[in-house]
Amino acid sequence: MKNKYLMGVDVGTQSAKVVIFDLDGNAICEGKQQLRKMDIPAPLLAEHPDDDLWDALKVAFRRVMQRFSDRGGSARDILAMGICIVRCCRVLLKENGELAYPVINWMDKRLNKPYEYIDAYRGVKYVTTTSGYITHRLTGEFKDTCANYIGWWPMDNDRLDWSDDVALWQSCNLTRDQVFDLVKPGEILGHITAQVGQQLGIPAGMPVVATAHDKAVEALGAGSLSEGVALISLGTYIGAMVHGHANVKDAQHFWPFQASIPGRYLYECMGVRRGMWTISWFRDQFGAAAVSEAHDAGISIEELLNQEAERVPAGCEGLITVHDWAPPSEAEFRKGAMIGFDGRHTRAHMYRSVLEGIAFTMKNHMDKMAKELNTPFKSLIISGGGANSDLFMQIFADVFGIPACRNEMKGSAAVGCAINAGMAMQVFNDYEQAAEKLVRIGDRFLPNMEHHHFYNQLNQQVYQQVNQHLDPLLQALSPLVD
């Protein structure tokens, strides 16, 4: 099949992105649109304003299709699109499929509990996920992938379908007529409607293919299929995961989620909430003084901060960042902290400390998962925009003591979408062949073992002890300010 293409649709917490690939895995063009700032109506609440997911995605579609046309591409040669939309959100729809309430983001504490009707939800007919909502917008179907139901949903992860357990439905406060029909990853959800096709420049009738939740799609698109290879996904939520074959029921240090490969599972440990958001927060709050310096040097603020932080010794001369800007559900009182300041410390120390804190947190969570699986990690794949930073890549390699790699396309969710779309259209024989075709391995960073030994001491003697000392103070603080 010459001159045929696949489309990957990736909507995260901060942006919507659409990428067109050829069948050899070359990214032909991309359209992207930032999402608007989240509405925070009260502490620990988070909503996407208006119809922002769909509005941003429409812009991304128009941009990519215009660029594709400018390159001489024909929209009719795009075989199918795979869609991956931010997970762990709750979407409430009217009977006609329109939003009955703004999309509730995964950072919202309401997602820690089952759906519960309140007066503000008047007119709600369906309770679904973001992928179910975008599927309906594109196709008019009330269908969704079975692999994006995490948390309070009556899902049977063995059968990849809704559960037959009446008690589970009751615990989720849901009935069958409130949820969508399900399909498996790599199967067709529906086809682009004539109205959407005309609006966005996409051929009516193009197949829209199911993937999974966003981290599972990233894992597929990163090529992390081998035993002992872990993916660290650098997003607003930073997650770490490996592929597995069994739906482990009694895991203590990881969750077995459905993978983007039907019948396979993704083992994911605890991560960092508002992980990369914290880096953006630091840049926006403390980067203003660096604007003129970055401009004079002809580089971005991020590049300048990375260059400055590269000159800071490993361990930031005692400055430590605790990443609880968005606390875990089991300890909602926790807050972020930086400790260990003295007169040596600059913004470069603070910036590097934020990066090191992420790496420490991920290592501590991942070590527990590796021990439980009895499978030590032999290498890391780092995905997401943060993987562009050589400094961040080296910190991961040094903290873990193993090689850290990044792919040519840092945002691997779009690649995973294209793989699922290609499987639906029988472009590839199997997922392994598809990953071999579409995943492009990039740079590899080897650990500095002297830094690794020092990081181990710092982690074991200090970082792992922080919460037990801060928790009593933060428990007293929380009721005074939240």
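This is a predicted model, so every value here is computed, not measured. No hydrogens, no waters, no symmetry mates; every other heavy atom, side chains included, goes into these values.
In this structure, His136 has its ring center closer than 6.0 angstrom to the ring center of Phe142. Not less than 6.0 angstrom separates the ring centroid of Tyr126 from the ring centroid of Tyr133. When ring centroids are compared, Trp162 and Phe180 stay outside the 6.0 Å threshold. For Phe400 and Phe377, the ring centers sit 6.0 Å or farther from each other. For Tyr267 and Trp255, the ring centers sit 6.0 Å or farther from each other.
In summary, the side chains of Gln258 and Asn157 do present a donor paired with an acceptor at a separation below 3.5 Å, with no hydrogens or angles considered. The closest side-chain donor-acceptor pair between Asn3 and Asp77, if any, does not fall under 3.5 angstrom. Side-chain atoms of Tyr431 and Asn420 form a donor-acceptor pair, as typed in the model, at a separation below 3.5 Å. For the residue pair His48 / Asp39, no side-chain donor-acceptor distance below 3.5 Å is found, with atom types taken as modelled. Using a 3.5 Å distance cut-off with no hydrogens or angles, the side chains of Thr129 and Asp144 do pair a donor with an acceptor. For the residue pair Lys143 / Thr135, no side-chain donor-acceptor distance below 3.5 Å is found, with atom types taken as modelled.
Atom CG of Leu305 and atom CD of Glu310 lie 11.5 Å apart (nearest 0.5 Å). To the nearest 0.5 Å, atom CG of residue Asn26 and atom CD1 of residue Ile20 are 13.5 Å apart. Here the CG-CE distance, from Leu6 to Met81, works out to 11.0 Å after rounding to the nearest 0.5 Å. Expressed to the nearest 0.5 Å, how far NE2 of His213 lies from SG of Cys89 amounts to 13.0 Å. Interatomic distance, CE of Met241 versus CE of Met366, reported as 8.5 Å (0.5 Å rounding). The distance from atom OH of Tyr237 to atom OG1 of Thr13, rounded to the nearest 0.5 Å, is 11.5 Å.
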Chi angles and distances behind the salt bridge (Lys or Arg N to Asp or Glu O under 4.0 Å) call for Glu47, Arg90:
CA-CA 10 Å; Glu47 300 171 357; Arg90 188 174 291 156; over 6 Å; no
Run Lys437 and Asp22 through salt bridge (Lys or Arg N to Asp or Glu O under 4.0 Å) and show every step you take.
CA-CA 10 Å; Lys437 274 270 192 182; Asp22 67 19; over 6 Å; no
Criterion salt bridge (Lys or Arg N to Asp or Glu O under 4.0 Å) on Asp55 and Lys58, from CA distance to verdict:
CA-CA 5 Å; Asp55 290 341; Lys58 287 190 293 185; 3.7 Å; yes
Verdict with supporting geometry, Glu30 and Arg67, salt bridge (Lys or Arg N to Asp or Glu O under 4.0 Å)
CA-CA 8 Å; Glu30 174 184 309; Arg67 288 165 186 163; over 6 Å; no
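Within the structure, every pair that satisfies the side-chain hydrogen bond (donor to acceptor under 3.5 Å, both in side chains) test and touches residues 174-186, not counting sequence neighbours, is listed here: Thr175-Asp177, Thr175-Gln178, Arg176-Asp181.
The shortest side-chain heavy-atom distance between Val272 and Met362 falls under the 4.5 Å cut-off. Using a 4.5 Å heavy-atom threshold, the side chains of Met276 and Thr236 count as separate. Contact annotation: the side chain of Ser163 never approaches that of Met155 to less than 4.5 Å [non-hydrogen atoms, C-beta and beyond]. Under the 4.5 Å side-chain criterion, counting only non-hydrogen atoms from C-beta, Leu380 is not in contact with Phe445.
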Which donor-acceptor pairs under 3.5 Å do side chains of residues 384-392 form with protein atoms, sequence neighbours excluded?
from   : atom 1 : to     : atom 2 : distance (Å)
Asn388 : ND2    : Gly385 : O      : 3.0
Ser389 : OG     : Asn306 : OD1    : 2.7
Ser389 : OG     : Leu391 : N      : 3.4
Ser389 : OG     : Phe392 : N      : 3.0
Asp390 : OD1    : Arg406 : NH1    : 3.0
Asp390 : OD1    : Arg406 : NH2    : 2.7

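Environment of CD in Glu227: sparse, with no more than 12 heavy atoms of neighbouring residues, nucleotides or ligands closer than 6.0 Å. Annotation for Gln433: atom CD counts as buried by contact number, over 12 foreign heavy atoms lying within 6.0 Å. The number of heavy atoms from other shown groups lying within 6.0 Å of CD (Glu303) is above 12.
Using a 4.0 Å cut-off between a side-chain N of Lys or Arg and a carboxylate O of Asp or Glu, Asp324 and Arg273 do not qualify as a salt bridge. Between Arg347 and Glu308 there is a salt bridge, since a side-chain N of the basic residue sits under 4.0 Å from a carboxylate O of the acidic one.
The only member of Val11, Leu189, Asn148, Val9 that meets side-chain contact (heavy atoms from CB on, under 4.5 Å) when paired with Ser131 is Asn148.
Across all their heavy atoms, Cys417 and Ile83 have their closest contact at SG-C, 3.9 Å.
Using cut-offs of 30° and 60° on the angle between ring planes, the pair Phe282 and Tyr351 is tilted.
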